[in-house]
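First comes the structure, then the notes that go with it.
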Amino acid sequence: MSDTEHPGPHRDHLISTPSADALLPATPVEIELSGALQLSERHQARRENWRLIRRRPAFMIGTFIVAVWLVCAALGDRITPHNPLDFRVSTHLSPRAAFPFGTDSQGRDVLSRVMAGALDVMKVAPLAAVLGVVFGVTVGMLMGYIGGWLDQILSRIVEAFLALPVLLVALLAITTLGNSTLVVIGVVSALFTPVVARTVRAAVLAERDLDYVTSAKLRGESSLFVMFKEILPNVSGPIIVELTVRIGYAVFTVATLSFLGAGPQPPSPDWGAQVSEGFRVISAGIWWTTFFPAVAIASLVIAVNLIADSVQSVLEAS
Amino acid sequence: MSPHVETSVAAAALSVDNLEVAYTVRGIDRAVLRGVSFSIAPGEAYGLVGESGCGKSTTAYASMRYLPRNGKILSGRVLVDGDDVTNMTGSQLQRFRASEASMVYQDPAQAMNPSIKVGRQLIESFTLLGRSKADATNDALQALRRVRIADCERVMDRYPFQLSGGMQQRVVIAMALACDPKLLVLDEPTTGLDATVEAEVLDLVRVLREETNAAVLMIAHNLGIVRSLCDRVGVMYAGQIVEEGPCREVFDDPQHPYTVGLLRSLPRRGVRKTEQALATIPGMLPLIGTDLPTCVFVDRCPLADDLCRTVVPPVVPVGITGNRYTRCHHLDRISDIIEAPTDVPIGILAKSEDNPDVLELSHVSKTFRQRSTEVPALVEVDLQLGEGETLGIVGESGSGKSTLAKTMLGIESADMGGVVSLDGHAVAAKTAGRSADDKRAMQMVFQNPDSALNRAWSVRRILLRSVTKLTGIKGDEANDRVEKLAAQLRLTPRHLDLKPRQLSGGLKQRVAIARAFAGDPRIVVCDEPTSALDVSVQAAILNLLADLQAEQHTSYVFISHDMGVVRYLADRIAVMYLGRIQEIGLTDDIFNGPNHPYTEALLSAVPSLDGEITTRIRLDGEIPSPANPPSGCVFHPRCPRAIVGVCEVSEPPLVEVAIGHSMRCHISIDELRVLQQGH
């Protein structure tokens, strides 16, 4: 349920929205309800959101896939059929009952390695995304709220960042700084910061000139208070959407980086590294060592995006 | 149970018969219109009035079958020129809307495509009717002339945003008239326009109605407009017409308790806050879709008794002419409410000479810089505000009212040389530079409470933060103060835990006022605080403001476009035009005249609800751009009394023409008195 009176302060005489009456059923707020009724309506609205999102097959499928990978990541070699690092099996066995995903060039079970590989992605991608969003919100808030020359300078930097090829910069940074997990997280989050900042800036610009901000200034609130206590809760919608979308991108970026060698090194069962190891022998008909980790990456990226889409459409509708 | 309407159905241009409309919300049909019947003869103007949510717009949309997707007509008929709109097929409906009926909406900017030139849009409305391109172009020019646009070729070649609001609305009306409609529906057509422009548009509608002989259905919340334009009026409440009759009779002698309440909640006939509190209608409009009691108004009616709760009130004819009816059991007791005294007059401190000034502005100007051009939005304003005094500020949009408010408060910083003084000491131009006490002394109530309240915060948090920040009180003491504030503003404790969006417009505005009063301010600046509210809610808010002032001796700067409201609340009034104070004086001085010619025009543009005859002064043209003000007196290009050779040469100073009454005019007060004697 949105507000009844859409902010329309641009004209002195604006009294009501054009078709206030016609739109009324969707906007019952004009009528004063009893407090109890209102509270229950509010809970109902929240429950309604949950119900709406759970009714979306996309959300349920996405959540299921993510849950499967989370279990794999959490339990690791406690649930894998074989030791993911064990070399003893014959090499390049095609998929069969004992090894459903086959074995790789070192004779390791691909299924076990794919399951264990979830851990690397699950450690790095969400952390990188969260950090990127935290930085992005901070920068975007400053750009949108403070504005002026600060906005000008930061906007140019953001544009410059956006113009650079992400992977090249990331590779360069990782080769320079070393490929520890921390560096990968730092680099990926730094690359996400400008994108998030731009989204947040736009949302803040729409809030900045609303009268509640003026009112806060009139009672002498600091800029920090206005930005993070007054404005932030009102732009949480786009930020949540941005976060879910960024996690999807982070999975992909992290996998790509490790494919290119800037990630966990062999014999780690990282998905990107597995694809990278396996794809040289594809031409020899040994497709499974590449295919299954690639599917794993794709499934996680798609699952996260399915969730992100559902969250976005439910948040936008409410 | 359809009321006996005197216009016969066959002759009516629009005849709505027992119309019931429901909106489907979450799968449940919720009744919005509950048996609406009325008819309009060709050439007649019919007004629908009522609070928002009463179903007047739904009635208008239903008569064009323009209901939103979830709306449906349950029963009843809508006949336009004899054709039943309710059972037309898609293509019939399309033809009907193209050639039989037209609608004009509140916001002309939204009624036009912003990226297509006005000419092409207008021509299209004629080619739609089957004209050739060349004919349509001619027709379009003709149509613009018809709505009294002088320079039509130039207007055709413009984009909508390049036209002023009044001009846009004329173009929209021209489009609406393209098909020579039998029915013209006007939904709040002047709500977004300035009073002087509104008066022009209403004049135009009045003339066009005679020229075209179209039936006009007018939806308006402003009863004065309806009175000045319409022949008959229907008063709607909760999806029913509760009273109908000729405008003059209904407004002068209302015969339904709701109509009585509506009319009494307006500040009228020069009533002032010192004389009388405004009447309010207690309670709220019933929720749409709820089962209504027998009489729709019973829960809020001062006359309600057991009869009203058990028996549906009949349609009672009023008078002998047979063209008026009301739905009330207690016609004989209507006069009881009319004569019952309104609340006790409030003892309010009248501005007297010995009240010290709390606020003083001297030579305050504000110049905005847009790219390299300077736009003077405020020019050399001098003002004093006494303790407990209310200063009303009026003027058209763009006159600098809001800039003046923002500059006082330090939201905008005044240009160098201007001084804002509080209690005798000069304060910093920007809020941030002012001391805590100075910030506390001056607070603001905004026009739109939706934008003024943080929607992520609860009411309690909003008030608590202001209390602690402004007064420095903390903990339990602050909580107590929040609860006291809320009680003062007639908010109940349970409202404190709600978010703003869960409150009605009136309650939201109360929260905003409570916030402004959190630190016992000396001065509260109110920027159109009631213009987004219904009249009965407005009355409650105005009463509250007057009460708070009486208790706390707060001074108000009250910005409004509504002359009636300003007259009720203000002790003194400043009239602004193009960033300058053109006239300032006691409320009686301003309303009794003699006035500055601009004030004169503003006052005469107000459509009177009381049917007072005034000679209308019309202003030509639009407010000039402040970036490029006219020479001499800035008002001279639009001034009907301008003296050639004088007014465009030098700007008159603001001179005190009588005690406490100053104006900026080359014409002497005595001459103005003679010139304005007619009204």
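Quick caveat, the model's predicted, so the values are computed rather than measured. Each chain gets a letter, A, B and so on, in the order the sequences are listed, and its residues count up from 1.
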Note, B/Arg465 side chain near A/Lys229 side chain (heavy atom, < 4.5 Å): no
CZ (A/Arg198) with more than 12 external heavy atoms under 6.0 Å: no
Closest approach of B/Arg515 to A/Ser215 (non-hydrogen atoms, all atoms of both residues): CZ-OG, 3.0 Å
Crowding at CZ, A/Phe228 (>12 non-hydrogen neighbours, <6.0 Å): yes
Neighbour count above 12 (heavy atom, 6.0 Å) for A/Phe252 CZ: no
CZ/A/Phe64: more than 12 non-hydrogen atoms of other groups inside 6.0 Å: no
Side chain, backbone, both or neither of A/Glu221 within contact of chain B (heavy atoms, under 4.5 Å): both
Identified side chain to side chain contact (heavy atoms under 4.5 Å, CB included) counterpart of B/Ser451 within the set A/Asp209, A/Thr214, A/Asp211: A/Asp211
Which portion of B/Arg434 sits near chain A, non-hydrogen atoms under 4.5 angstrom: neither
Residue B/Arg69 versus chain A: region with a heavy atom under 4.5 Å: neither
Beyond-backbone contact of B/Lys430 with A/Lys217, side-chain heavy atoms, under 4.5 angstrom: no
Heavy-atom neighbours of A/Tyr249 OH exceed 12 at 6.0 Å: no
Atom pair CG (A/Asn234) and CZ (B/Arg455), whose distance is rounded to the nearest 0.5 Å: 4.0 Å
Single hit among B/Asn454, B/Leu453, B/Ile462 for side chain to side chain contact (heavy atoms under 4.5 Å, CB included) with A/Tyr212: B/Asn454
Largest heavy-atom contact set with chain A, pairs under 4.5 Å, which of B/Lys439, B/Arg440, B/Met442: B/Lys439
